[in-house]
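Below, each value reflects all heavy atoms present in this structure, side chains not excepted, and no hydrogens, waters or symmetry copies. Just so it is clear, the structure is predicted and the values come from calculations on it, not from any experiment.
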Amino acid sequence: MDQWQGLLAQCARSMGFDRGPRRAAYALAGVGLFWAVGLLGGLRILHSATSPMTTLVMLYLMLVVVALSLVIAAAAVAQLSRNAAERRRR
């Protein structure tokens, strides 16, 4: 568990979330917006593909974006919870 927290802390530092809670909150809101658009019909882009190869490439790009959004969300939540815990300790 500590390894995951260390990895998420390193990701948060590299994304600049440690500079303030606003960046992490904005990133989390952006990920939420991305998922909301996807759930409300963002996958229609696959219906407009003309060839199977185009569809496959689009699916791989979506897979990469989804994976990155999960990493960003996890790092943002970890940083926000770390900031909240630090405020409670004071």
Report task. Not counting sequence neighbours, which residues clear side-chain contact (heavy atoms from CB on, under 4.5 Å) with Val66? List them please. Result -> Phe34, Trp35, Leu70

Query raised in the report: Among all residues two or more places apart in sequence or in another chain, which pass the side-chain contact (heavy atoms from CB on, under 4.5 Å) test with Leu61?
Result: Val57

Query raised in the report: Can you list the other members of the hydrophobic cluster that holds Leu68, where links are side-chain heavy atoms under 4.5 angstrom apart?
Result: Val64

Query raised in the report: Rounded to the nearest 0.5 Å, how far does CG of Leu59 lie from CG of Leu63?
Result: 8.5 Å

Query raised in the report: Where do Ala76 and Ala24 come nearest, in terms of heavy atoms and distance?
Result: CB-O, 3.5 Å

Report task. Pick out which of Gln79, Glu86, Arg87 makes a side chain to side chain donor-acceptor pair (under 3.5 Å) with Asn83. Result -> Gln79

Query raised in the report: Taking only residues two or more places apart in sequence or in another chain, which ones pass side-chain contact (heavy atoms from CB on, under 4.5 Å) with Ala73?
Result: Leu28, Val31

Query raised in the report: Who passes side-chain contact (heavy atoms from CB on, under 4.5 Å) against Leu56, sequence neighbours left out?
Result: Met53, Tyr60

